[in-house]
Amino acid sequence: MSRGPELIITEKDNAARRIAAILSGESAEAERMNGVNVYKWGGKRCIGLSGHVVGVDFPPEYNDWRDVEPVELIDAPIDKHPTQENIVAALRRLARKAGNVVIATDYDREGELIGKEAYELVREVNEDVNVDRVRFSSITKREVTEAFENRDDLDFDLAAAGEARQVIDLVWGAALTRFLSLSARQLGNDFISVGRVQGPTLKLIVDREREIDAFDPEDYWELFADLEKDDESFEARFFYLDEDDNEAERVWDEASAMEAFETLQTKSTATVTSVNRRTRTDTPPAPFNTTQFIRAAGSIGYSAQRAMSIAEDLYTAGYITYPRTDNTHYPEDLDPRELLDSFTGTRDFGDDAESLLEQEDIEPTAGEKETTDHPPIHPTGELPSASDLSEDEYEVYELVVRRFFATVAEAAKWEHLRVVADVAGLSLKANGKRLVKEGYHAVYPYFSSSESFVPDVEEGEELAVTDTSIEAKQTQPPRRYGQSRLIETMEQMGIGTKATRHDVIQKLYDRGYIESDPPKPTRLARAVVTAGEDFADLIVSEEMTAQLEEDMLAIADGTANYEDVTNESREMLEQVFEGLMEHSDELGSQLKKSLKADKTLGPCPDCGEDLLIRKSRHGSYFVGCDGYPDCTYTLPLPSTGKPLILDEECEEHELHEVKMLAGRKTFTHGCPQCKADEADEQEDEVIGACPDCGEEHGGELAIKQLRSGSRLVGCTRYPDCDYSLPLPRRGEIEVTDEECEEHGLPHLVVTSGDDDDEPWELGCPICNYREYQARQAGGSELESIQGIGEKTAEKLKEAGIEDVPGLKDSDPDDIAAKVSGVGADTVRKWQASAD
DNA sequence: GCAAGGTC
């Protein structure tokens, strides 16, 4: 009897393609089955999943949030169902005929679970087929071949550990999210979420904000002196020994600071009392894991989300390795010389690669963590040409290349020179540093290598004191977490994963818990964290993950089982709910109060109630009174962007200022009342005849200031004639004597009020608007959306999407089908951020 | 419509 083909199942298409190429000796051919790639050669088939293709959820009868008490979710049944129908269908078709199955998903816990999900789908249609498991940590010929020669079995205990995590996350997350949302009557889009990872992440941000709020600044003074030797001047700083004999520079008492300063001022020389020289080795950085990559990209201006999205594109295009990894050890069979060699002769990297190849020994650095999932992020050696990548993509690609260079470069050496001098019993110190061996800095310019100069001096030498100064300072509150610091801290706390941490931060933005960058928590966030601390401490604590990790280890090594762990977790949640239900009302009113505080601008001038930011039926924002319908006072807001209430308050109206968040077009609107008043006071300035209705009805064009803060050239017969041309929001608009020959309108000039800025010769407003529209039609408007670079905009244009309205009106699936490498979800994200 | 984890 002839056996069917062998079926190899990987976690993603990319891995399937590469494994098929290796095992087939490049002879595998791709076929489409249900829209899914199947690689085929000899008696083999290889298919890539898309991570989890089945999901866990409650049965449909639990869907209605109002019908089901949240507490009921704790013991509700949980189903598994296919979430990627086409892939599951293709897998079933292939499995039916398979003579042997090999699970080749990623070599980590989640990979084992994804493998088990595939195994179960296979078993549904093929009861008897043999199923093997292979494990490898990088898709190289040697590792893959070896893995297929040493086949193993699926580790069902490890997969069960992952299943326990799924269930516990779902039950806690769903039950608590529904409870909080219901208690504050926040259903629909604005529900109030909590979860094992977002909870502690949010608490981290809120705790820091609490520290900032509680911070009480202290005054202190610092003293400096300029010392000089042979016309070479350098700065030295006053210090003293505190009660613990530690060096201190801050003087906490004004009188002693002034006394020391006066002493310094009276003296013209300082005596060198000690000179210390030492050399320090500055070792090159470790290979990139996801967190360190995000951090480095952050330091050159990319948000975590943007950095990962670009890395994903570079990976899909084949230029860099898989961007989601914890590993900081290069695989053994990565040959640094071979990889360096692929860069020789290139314009941007050739010289550096060649100089690195001249080293006798090349020993790459390694970080602390070594894992089995994927290699650290490094260039593949396949080189993009400049036109293949957008500017941003190239910048990130260069970062990855240079990081690889740095990890195979030599250490740098610094010479430190520390000089201590005495002035009338007062100590001054200066620290100089010189880069004596450039080492990896030569190929990796992202770390500072700036030097500070201190001349060669000797003990006992007299130096001239040429200047002295005193600075009054205050201690500063701790800084807010930036996105990459947040991700690093999450990693240290052990919450989230390399693939999800940046998404979690995005989720906190989406839920209205944080705003701005670095993220600042809203009142709602504080209320949610406080509610968690009071009634469900685990959900805002990193302990929950630590405990879960411990339980998962136990399940994986067979000392605990899935049933016991999930049951125990459910019992704990029951306890939590007892406290919650008892305090449901006060909890709800606290949350409602904070939700309102997040929207409050200040007192209504008509009735004294609160003015709130509201959303109209058409989806635009405006300022309305909480006393509505008794009070109908309103103020308009600009039509672009999402309003953010700033801490700054207008003194005249006691209203908070408003900023409009709109990506690169973000701007500060200020006090909406002031803006409206300005518009009311501003007379319209007539500049010519209206081209639409001038002849027929005598309409005229005028420069108008609207109450929403925007300005335009519009017809005086508005609303009977709605002809209008846009004007910039900022700057003084001057009407010149020069006239446009074509339209008969005067040229306009915009001055910023800042003398350093060149005035903007806007010219004839009609010509200006035409040019603006032409630029838009060039497709560049699309690039204003996050995630769309030059290259993507080009692809969209080819698919017939010319501008933002065109993008918004299109069907995401339709675009995804036409544009390679773009999924429907991505399109939806673009559409959302275009609003 | 809830979570967190894969991946696009």
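In what follows, chains are A, B, ... by sequence order, proteins preceding strands, each numbered from 1. Predicted, not measured: the structure shown is a model, and the values here were computed from it.
The side-chain tip of A:Lys507 does not point at the ring of A:Tyr513 from less than 6.0 angstrom away and within 45° of straight on.
The shortest distance between the side-chain N/O atoms of A:Ser193 and the OP1/OP2 oxygens of B:dC2 is not below 4.0 Å. Close to B:dG6, at under 4.0 Å from its OP1 or OP2, lies no side-chain N or O of A:Ser50. Between B:dC2 and A:Arg196, no contact under 4.0 Å exists linking OP1 or OP2 to a side-chain N or O. Within the structure, a side-chain polar atom (N or O) of A:Gln198 is placed less than 4.0 Å from OP1 or OP2 of B:dA3.
Heavy-atom nearest nucleotides on DNA chain B were determined for A:Arg511 and for A:Glu110, and the one closer to the 5' end corresponds to A:Arg511.
The residue A:Asn63 sits close to a base: some heavy atom pair falls under 4.0 Å. Within 4.0 Å (heavy atoms only), A:Leu187 reaches at least one base atom of the nucleic acid. Backbone-only contact: A:Glu11 has heavy atoms under 4.0 Å from sugar-phosphate atoms and none from a base. Within the nucleic acid shown, A:Arg66 has no heavy atom closer than 4.0 Å to any nucleic acid atom. Within the 4.0 angstrom heavy-atom criterion, only backbone atoms of the sugar-phosphate kind lie near A:Tyr322; the bases stay farther away. If you check every strand for non-hydrogen atoms under 4.0 Å, A:Asn189 touches nothing. When heavy atoms are screened at a 4.0 angstrom cut-off, A:Gly162 is found touching no nucleic acid atom at all.
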Begin from the C-alpha positions of A:His52 and A:Glu110 and carry the test side chain to side chain donor-acceptor pair (under 3.5 Å) through to its verdict.
CA-CA 9 Å; A:His52 291 287; A:Glu110 216 64 32; 3.1 Å; yes
Kindly indicate, with the supporting measurements, whether the criterion side chain to side chain donor-acceptor pair (under 3.5 Å) is fulfilled by A:Asp392 and A:Ser390.
CA-CA 5 Å; A:Asp392 285 0; A:Ser390 71; 5.6 Å; no
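Taking the side chain of A:Asp64 as heavy atoms from C-beta on, and the options B:dG1, B:dC2, B:dG6, the nearest nucleotide is B:dG1. Relative to the side chain of A:Val197, the nucleotides B:dG5, B:dG1, B:dT7 differ in distance, and B:dG5 lies closest. Listed nucleotides: B:dC2, B:dA3, B:dG5. Nearest to the side chain of A:Val56: B:dA3. The listed nucleotides are B:dG5, B:dC2, B:dT7; the one nearest the side chain of A:Trp65 is B:dC2. Looking at the side chain of A:Arg165, the nearest of the listed nucleotides B:dG5, B:dA3, B:dC2 is B:dG5.
Computed from coordinates, the A:Glu312 CD to B:dG6 P distance equals 13 Å when rounded to whole Å. Per the geometry, CD1 belonging to A:Ile539 stands 8 Å off C1' belonging to B:dA3, to the nearest Å. Rounded to whole Å, the distance from OH on A:Tyr315 to P on B:dT7 is 8 Å. Between A:Ile114 atom CD1 and B:dA4 atom P there is a gap of 17 Å when expressed in whole angstrom units. When the P atom of B:dG5 is taken as reference, atom NZ of A:Lys80 falls 17 Å away, rounded to whole Å. Per the geometry, CG belonging to A:Leu176 stands 20 Å off P belonging to B:dG1, to the nearest Å. Distance CE (A:Met552) to C1' (B:dG5): 11 Å, rounded to an integer number of Å. The CG-P distance, from A:Leu508 to B:dC2, rounds to 14 Å in whole Å.
In the interface, the side chain of A:Asp13 is not paired with the base of B:dC8 through any donor and acceptor atom under 3.5 Å apart.
Annotation: side chain of A:Asp57 is in contact with side chain of A:His81 (closest heavy-atom distance under 4.5 Å). Taking the side chain as every heavy atom from C-beta outward, A:Leu154 and A:Glu112 approach each other to under 4.5 Å.
Evaluated for a salt bridge (Lys or Arg N to Asp or Glu O under 4.0 Å) with A:Glu549, the options A:Arg165, A:Arg109, A:Arg196 yield exactly one hit, A:Arg109.
Between the side-chain ring of A:Phe191 and the base of B:dG1, no stacking contact exists by the 5.5 Å and 30° definition.
Aromatic ring centroids of A:Phe577 and A:Phe535 lie 6.0 Å or more apart.
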